[in-house]
Amino acid sequence: MKPILQWVRQFIIILTMAAILLGSSGCAHQVSQNTKKPLRIAWTLWDAHYSLLIAQEKGLFDKYGISVDLIYYENYPLVIPDLAAGKIDGSLFEITDMLKIAGRTSVKAVAVSDSGGLTTLVSVPEIRSAQDLVGKSIGAGLGRSGEMFIRYYLDQFDISFDKVTLLNLMPEEIPDALGNSIQAGITYEPYTSFALDKGWVALSSSETATVSPTLIVFLESITINRPEWVRGFLAAWFEAMAYRYDHPDECMQILETHTGLTKEKLELTAHLYTLGENRQLFQEDHGVGTQTIYSIAQTNIDFLIESGVLTRLLDIGHILDPAFLPSEMADGVDQ
Amino acid sequence: MINRLPIRFSLRARMVLAFLAVAVLPLIILAVIAYQLLSNVVTDTIEQDIINANRQAAFTIENFLENGLTSIHAASNLPHISRFISDPSMGKGEVLSILQSLVSRDSIFISSYGILDNNGKNILDTNPKYIGISEADRPYFRSTIASGRPIVTNVKFYNNFPSFFFSQAIQDNRGQNIGVLRVEYNAAILQWLINNSKPAQQDAYVVLIDNENYLRLAHSTAPELIYRTYANLSEEQAVNLQKAAALPNGSTQKISTYMPGMIEGLQKLAIQPLFSTGAYALDGEPTLTLGTKIVRAPWLVLVRIPTSTIQTDLNRQVGSSVSLTLLIVVLVTLLALAITRWFTRPIVRLTRISEQVAGGNLDIRADESGLDELGILGKTFNSMTRQLKETLEGLEGTVAERTRALELSSDVSRRLSTILDPEKLLSEVVELLQDTFNYYHVHIYLVDSDRQDLILAGATGEAGRIMLGLGHRIETGRGVIGRVAESGTQIHIPDVRRDPDWLPNPLLPETQSELATPIFLSERLIGVLDIQQNKVNGLTNQDVDLMRGIVSQIAIALNNADQYREIQQHSHYVAVTGAIIEQIQKTQTVEDALQVAVRELGRALQQPRTMVRLALELEVEPTARQESREGWETYLEEQAGKKDITFVYDLNEVKTIAANPVCVDTNNQSEKLVRKPLSIRGIPIGELIVEIKTDLVELDAELLHAVSVRLSEHLETLRLTEQTRRALAETEVLYNIIAEINEAENYDDILTALSNGTILAQSSPFRWMGIYDRPLSGLNRPQYAYTLAQKTTTGHQLARRYAINLLEMQPERLFRDTPVVAKDLFVDRRFSRSIETLLPGLSELSSGVVIPLLLGNQAIGFVMAFFAQPMTFSPADLNRLSAVASQAAIAVQSRFLLEQAQSRARQEQLLRQVTSQVINATDVDTIMRRAVEQIGHALGLPSYIYIGNPQTQSPDPEEQS
């Protein structure tokens, strides 16, 4: 009798184990779907982007366990639709561009990379002052920081925005367009230097940097599916930035090799935000008289809505996400 | 069937298995059916999902195109624009603002808005780079200006930048086409659109391709494949397409990812929208593809799903089903365990109680409280247990009695097994049975197979002694015992007065009941055991069973006793046989052996007369080997010419008789003879004969046989030994004689030597050795016999020679190449003439012999001898005489030749002397005289010389010799 009852008990145990195994097999199938392709990150000839080259060269992405494909774009404007279309996973974008993309595609801005560079209004030599701009055509990225810059600039001199003609030109297009279709244009380095080399003059220096910072932006799907990679990317970014400050000569050598530009055109014009500054920028209750990334973003949203580029409200709290900022960094990184 | 399995299943286990079978079998059948249905459903569902995804993607694209076309159509109708074309100097800034506001509707993907005049020249554009450039050769200008309808172009790669265009003709107030409004879209928007149309089905993906060059324009999961074609392009085709801005820059290998299955499917899309493709390098595993054509643009929307996904889905569904099934099985098992426990607990309890009852605990009781069948079963079980207990208690007394009987039976059997004498055994049996079981009378009859009846072999008491003394017998079939012997079955008569066939025995008047039991040994009836009791029903069934066991023991004991007796007898006979053979083998001569054999055999057999006989008149098989027989013939011949030797033993002494024992008269005609041949290798040389009163038992026959065999062998050995010894002695004698002959100096010595060692030495008054004038051989016969030597005691002097015909009446009667013997000269007259010639006047001779002197096959002479008494010439005597004669012949021949040679030498010397004397003579007379003197001297005879006619003066030839 007893051996048979033991046999029945063993039978039940085996059946139960088989059921558990079969039930768990479906879950295992779900997990195996997530393959880890390299992150596709776009870069252009923009001095803030060069930290990406340093990180790649110094193996910092490998150090943090991620794999990154850096994709070079000759024209920055082409990066914008490609991120919106999901052809790349992320890059550095002006805040206005990031907001425009966010209007079409779910993205996350996970860090503030730089101040946006020294945006400059260059013009033909005949224009000596702001007043000379009346009735002229000015090249600027419409619906972007360039348009915002020119609006603020004209506003300072009480010149109505209607008195000028804005043509939609990207900063890199400005040097060639000057004297042809436009008499003035908004650009930044190295294109400012390119324009000055051609005999055009600088009408202003950057005064709107803080309203057009550059953000590190990823597709939201990346931050959801591969959050550790995003954290690794930011860790590598900040370490590369610190290395760039600490080893300027070595980094300049690296950048010359990769960009083919001269040292002068590779001088850092923008202010790169450290991890500490990022933490400050991402503090929502920052006090009176100081800017947070949230307030800057709101200013840009207002501008975009006003200019008709943005037709719907965006959830800034959702788009700006400091959760991926590294919690601790090695000495010297968090400057 | 379950019970045939190696595992022993309890009732509960069987019920659990039954539950499982009832639950699981339908589940399995349902699972198989469900699998088929599920397979179809999954396939249909996935196909439907693909169709839905395809429709959604196509709708998204179509909707986008529709909006784009609508938008550009609306913009082209703005009067500012037509006015601006008519007069470009009018309102340029305003028109540019309008265009920029149009761009700002989708500043991400709209690259530019531009106005082309009637010649295709860009007269105003939101992208200043394009202003002033001619776009007359662009398809969006040519088609639009020609047809006036809005169009969407394919994706183009002007300046290697992927874009497509919406264009719409601008008309003046009269409806005339005066220019074209076109908008350039970054082609990335197609990827964005496709991303927003991802199918719900996992692993499925959407691809938007160019219908002309099969160029991927968007890919929902692998955007890195965008702007690479499925087509197999040659270098030339690729370059031409790149020139036409239909392909991006880059090598053919990079642009072209040839997938023949896909191309084939795409070409048949109108007929078969759903098709399968195999495994390719870029698209991986085999895939199911559904394609739909976009109406407003030359594009195709493809929704693709790996075939393995379908199977994976199916497996997942099946896995769920199996999990559910297993869960049900587990639940059913648990439920079955609980239910079976409820069902089987009373039965198990009752089983344990029954096991205790089986173990001897009859006081335990089952639960009777239930009102159902189990309660009834408990009551019934308890009732059975009570009855069993009562029965067992009653049986104990019976068992005690039976045990006592069995002990007694065992004691009887044990005692029987120690008795080995059959007669004693039977008397002991009956006495033991009577003493042990207190029967009135016990007796045993044994079957007499010769007379086919039963004879009393053992009986108790005075009655038994009397009946045994009378040799009491019972016929088979008569009375109780006879019936038992006939039927072979036990007969029990509880009351003899009630049995009409029962026969009373006056010696046993008190018999009231009787039990007769057949005794079988190996299914053969050997007797009947009969017990009687002096009261009615005095013999019970217990006695019946007891006697059945006892008779088996009796049969075994009898068999043991018989076997013991046989072994004893056999051992005795073996010992006797060995002793006789030992006695025989100690003997040194044939006669001793025969006498010892007949005496010892006679003593052992204790028959009136025992005889042994060596005789050769017994018939022999023609093919049998003859050596032994010839040897025995010789032997018997050597035994003074006996034909046979016979010894007889009559329990007193051994005597020899001459007559054939068959002819020996026997006083008692009832006695008969048993013969056992003595033979050597199949050759009979004699026989053992036993004159018997009673038949020989088997062992006696074996004894006779063994003695005959061993006696034959020993006789043969003795004969061979004796003959060998004789042959050696004969050889020695011959050697001596021959040596003497060889040393002989003259013929007399030869005759003497020849006579000394042979039968001739026996008082022979006449011995004569002669030589023929020419050898006797075949047809050659000699004429004369010359005397070489003679030894006579009669005083007769033999002549120097005799004519042969004077010595025998008929040729070849005496002078032959073989010995001629006459045992009795009075009867045998062959020597008469010789005697008359040689020994005239002598008549006291009794026997004679002529031995030829043989050289090879020729007889050169002879030895003749006469004897005064009759002689017996044995073959050995003749053989020896012949052998010696042959040797003598050689000696005679040698001497004869020597003498001839010597004689010729003397003659030659004389001749020389005569010749010399004659030659020396001077006249005829002298010559004649000397010649006759010398010849006479030489010859030792008177010599004469005649001169005249020889015919008239013929001398007597006898004299001349």
Side-chain angles (χ1 to χ4, degrees), chain A residues 1-5 7-9 11-12 15-23 25-26 29-30 33 37 40 69 75 77-78 80-88 97 100-101 103-105 135 137 139 141-144 162 165-169 173 176-177 180-182 304 307-311, chain B residues 7-14 16-17 20 92-93 96-97 100-101 103-109 111-112 125-129 131 161 186-196 202-203 218 220 223-224 226 312 315-316 319-320 322-327 329-330 333-334 336-337 348 351:
Chain A
M1 180 79 91
K2 282 183 179 177
I4 299 304
L5 286 177
W7 179 82
V8 171
R9 283 193 198 105
F11 177 68
I12 293 168
L15 283 178
T16 309
M17 290 175 68
I20 291 167
L21 285 172
L22 280 167
S25 64
H29 181 74
Q30 302 281 339
Q33 295 295 315
K37 293 179 180 176
R40 297 164 298 177
D69 272 355
N75 287 319
L78 296 182
I80 299 165
D82 277 5
L83 183 71
K87 292 170 74 175
I88 58 172
D97 295 332
K100 282 194 286 183
I101 294 168
R104 301 294 294 260
T105 300
S137 293
L142 295 182
R144 303 174 53 200
D162 300 337
T165 300
L166 283 184
L167 289 179
N168 187 25
L169 288 174
E173 296 172 319
D176 292 336
N180 294 320
S181 54
I182 58 173
L304 290 173
S307 60
V309 172
L310 206 59
T311 55
Chain B
I7 306 171
R8 189 172 63 86
F9 288 88
S10 67
L11 177 64
R12 195 176 168 200
R14 291 184 202 186
V16 171
L17 290 174
L20 283 174
K92 179 182 177 184
L96 186 60
S97 296
Q100 283 176 340
S101 69
V103 169
S104 66
R105 287 181 183 177
D106 190 355
S107 61
I108 291 178
F109 293 112
S111 299
S112 68
D125 202 296
T126 56
N127 189 341
K129 287 192 297 184
I131 298 171
F161 173 68
N186 187 324
I189 193 169
L190 299 175
Q191 178 68 25
W192 182 82
L193 289 168
I194 291 301
N195 281 346
N196 290 317
Q202 195 179 9
D203 295 335
S220 66
E224 64 272 14
I226 295 174
T312 306
N315 289 345
R316 194 160 50 239
S320 303
V322 171
S323 302
L324 184 63
T325 304
L326 288 177
L327 187 64
V329 169
V330 170
T333 306
L334 293 173
L337 282 172
V348 169
T351 305

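Keep in mind that this is a model prediction, so the values were computed, not measured. Just so we're on the same page: letters track the sequence lines, and every chain starts at 1.
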*Just by distance, do the side chain of Asn168(A) and the backbone of Thr126(B) share a donor-acceptor pair under 3.5 Å?*
no
_Determine whether a donor-acceptor pair (N or O, by modelled atom type, separation under 3.5 Å) exists between the side chain of Gln191(B) and the backbone of Asp82(A)._
no
*So which of Asp97(A), Asp176(A), Leu304(A), Leu166(A) has the largest heavy-atom pair count under 4.5 angstrom toward chain B?*
Leu166(A)
*Do you know which of Leu169(A), Ile80(A), Ile101(A) has the most heavy-atom pairs under 4.5 Å to chain B?*
Leu169(A)
Below 4.5 Å from any heavy atom of chain B, which atoms of [X] appear? Answer side chain, backbone, both or neither.
X	answer
Thr165(A)	side chain
Ile88(A)	neither
Ala84(A)	both

Less than 4.5 Å apart, any side-chain heavy atom of [X] and any of [Y]?
X	Y	result
Leu96(B)	Leu167(A)	yes
Arg104(A)	Asp106(B)	yes
Glu224(B)	Arg40(A)	yes

*Most heavy-atom pairs under 4.5 angstrom with chain A, which of Pro223(B), Ser220(B), Pro128(B), Ser107(B)?*
Pro128(B)
*What part of Leu324(B) is in contact with chain A, defined as an atom under 4.5 angstrom from a non-hydrogen atom: side chain, backbone, both or neither?*
neither
*What residues form a side-chain hydrogen bond (donor to acceptor under 3.5 Å, both in side chains) with Asn127(B), not counting sequence neighbours?*
none
_Residues in side-chain hydrogen bond (donor to acceptor under 3.5 Å, both in side chains) contact with Thr105(A), at least two apart in sequence or another chain_ = Trp192(B)
*Verify side-chain contact (heavy atoms from CB on, under 4.5 Å) between Asn75(A) and Phe161(B), making sure each step is shown before the conclusion.*
CA-CA 11 Å; Asn75(A) 287 319; Phe161(B) 173 68; over 6 Å; no
